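Working notes, beginning with the structure itself.
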Protein chains: 2
Amino acid sequence: MNISIPDFFHALADETRLRCIALIHQTGELCVCELTHALGVVQPKISRHLAILKGAHILRDRRAGVWVYYHLPPELPGWMVKVLNDTVMSVRDQEPFCTDRKRLNEMPSRSQNGCS
Amino acid sequence: MNISIPDFFHALADETRLRCIALIHQTGELCVCELTHALGVVQPKISRHLAILKGAHILRDRRAGVWVYYHLPPELPGWMVKVLNDTVMSVRDQEPFCTDRKRLNEMPSRSQNGCS
DNA sequence: TATAGATATACGAATATACATATATGAACA
DNA sequence: TGTTCATATATGTATATTCGTATATCTATA
């Protein structure tokens, strides 16, 4: 499966999607309820944007019981990984990205397994 | 002047805009008629997209007589320059980007001064 | 001033996007 | 089977985007 270049940048052009990608890039893998809590937006909005990212082959999902985890596919082209690296390095200390990470880390069930 | 991150990626998410940026990145500076000829699209379409890029502070223009030249502003944030470098390195050997460059180099007035 | 060439903008139409809300699906378990 | 929780999708609405075409602006020069 190939990723179109406009699709790739279009994925990053929406703040909600970029926030999801940035958090997933920093943690490796997150489920929908973790993203919902970290970003503080309603769940259908998260699911819709994750579906767009999955459809563009920028994220892949993995179901584990009730939870669905999203991660970057390992075969993402190298230059796209570099773009994500540079982008996340730059935005991770800006709002709303740093608050997202803080809220994620404050989730009681984080750093254990399972979700809220 | 600050560039919003969504604006930056939105600029790259359109193929016409990415083709313009890629050519300008490779050459340093191009005028509207050079871009029009290289991409093979009508002039108002080029001007409209260049105006979007200028409005997002991703390109800057410089008038020289009848011609208007567009270039990347020197103070573009470093990580955005890195993103452009990685992107152009990757797409420069794919269509339609390599044909764009070929058509640009075939312009009789190129490598001299002035335009067609 | 009049003309020509280069560039910019205005306009209407078709299409796409993002959102909030409501509802559906799917898995686990009593 | 029925319920609950996590996630996905459908719907209607408001707004944005892109395009082709027509026209306006701007500069140089006669």
Side-chain angles (χ1 to χ4, degrees), chain A residues 4 6-21 24 29-56 58-71 96 104 107-110 112-116, chain B residues 4 6-20 24 29-56 58-71 104 107-110 112-116:
Chain A
S4 109
D7 280 358
F8 175 65
F9 287 117
H10 174 260
L12 305 180
D14 178 89
E15 194 188 67
T16 303
R17 287 195 291 270
L18 186 57
R19 289 163 77 188
C20 289
I21 291 174
I24 290 171
E29 195 177 53
L30 288 174
C31 70
V32 177
C33 66
E34 288 172 319
L35 288 166
T36 300
H37 184 275
L39 303 208
V41 304
V42 294
Q43 171 267 321
K45 182 169 171 177
I46 296 286
S47 280
R48 196 174 348 105
H49 285 293
L50 291 175
I52 292 170
L53 293 169
K54 181 183 166 185
I58 292 165
L59 288 182
R60 184 166 301 156
D61 62 346
R62 170 181 76 86
R63 182 175 274 274
V66 198
W67 298 292
V68 178
Y69 290 90
Y70 285 82
H71 58 274
L104 178 66
M107 288 183 71
S109 51
R110 268 299 283 177
Q112 305 164 17
N113 49 356
C115 201
S116 61
Chain B
S4 108
D7 280 358
F8 175 65
F9 287 118
H10 174 260
L12 306 180
D14 177 90
E15 195 189 67
T16 302
R17 288 195 291 270
L18 185 57
R19 289 164 77 188
C20 290
I24 290 170
E29 196 176 51
L30 288 174
C31 70
V32 177
C33 67
E34 287 172 319
L35 288 166
T36 300
H37 183 276
L39 303 208
V41 304
V42 294
Q43 171 266 322
K45 182 169 171 177
I46 296 286
S47 281
R48 194 164 357 101
H49 285 293
L50 291 175
I52 292 170
L53 292 169
K54 180 182 167 187
I58 293 164
L59 287 183
R60 184 167 301 158
D61 63 346
R62 170 181 76 86
R63 180 175 276 275
V66 199
W67 298 292
V68 178
Y69 289 89
Y70 285 82
H71 58 274
L104 177 66
M107 287 183 71
S109 51
R110 267 300 280 178
Q112 304 163 22
N113 49 355
C115 200
S116 60

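Below, chains carry the letters A, B, ... as their sequence lines are ordered, and counting in each starts from 1. Bear in mind the structure is a predicted one, so any value in this text is a computation, not a measurement.
- Nearest heavy atoms, A:F9 versus B:L18: CE1-CD2, 4.4 Å.
- Separation of atoms CD1 (A:I21) and OG1 (A:T16) is listed at 11.0 Å; rounding is to 0.5 Å.
- Rounding to whole angstrom units, CG of residue A:L53 and P of C:dA18 are separated by 10 Å.
- Atom CG of B:L35 is separated from atom C1' of C:dT7 by 12 Å (rounded to the nearest Å).
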Under 3.5 Å donor-acceptor pairs involving side-chain atoms of residues 36-47 of chain B, not counting sequence neighbours:
unit_1	atom_1	unit_2	atom_2	d
B:T36	OG1	B:V32	O	2.8
B:Q43	NE2	B:S47	OG	3.0

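- B:A64 is linked by a side-chain contact (heavy atoms from CB on, under 4.5 Å) to B:R62, B:Y69, counting only residues two or more places apart in sequence or in another chain.
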(Q) Can you build the contact string for nucleotides 9-25 of chain D? Use B for base contact, S for sugar-phosphate-only contact, and - for no protein heavy atom under 4.0 Å. (A) B--------SBBBB---
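- For the pair A:A13 and B:P6, the tightest heavy-atom approach, listed with the atom from each and the gap, is O-CB, 3.4 Å.
- Straight-line distance from the CH2 atom of B:W67 to the C1' atom of D:dT29: 13 Å, rounded to whole Å.
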Return the polar atom pairs (N/O with N/O) between nucleotides 25-28 of chain C and the protein under 3.5 Å, or none.
none

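- In this structure, B:R62 places its CZ atom 15 Å from C1' of C:dT7, rounding to the nearest Å.
- For B:K54, the side-chain hydrogen bond (donor to acceptor under 3.5 Å, both in side chains) criterion is met by B:D61, not counting sequence neighbours.
- Atoms NZ (A:K54) and P (D:dT7) sit 13 Å apart, rounded to a whole Å.
- Between D:dA6 and A:Y70, no contact under 4.0 Å exists linking OP1 or OP2 to a side-chain N or O.
- In this view, A:F8 and A:W79 satisfy the ring pair (Phe, Tyr, Trp, His ring centres under 6.0 Å) rule, not counting sequence neighbours.
- At distances below 3.5 Å, at least one donor-acceptor pair connects side-chain atoms of B:R63 with backbone N or O atoms of B:G65.
- Here C:dA8 presents its P atom at 7 Å from CG of B:D61, a figure rounded to the nearest Å.
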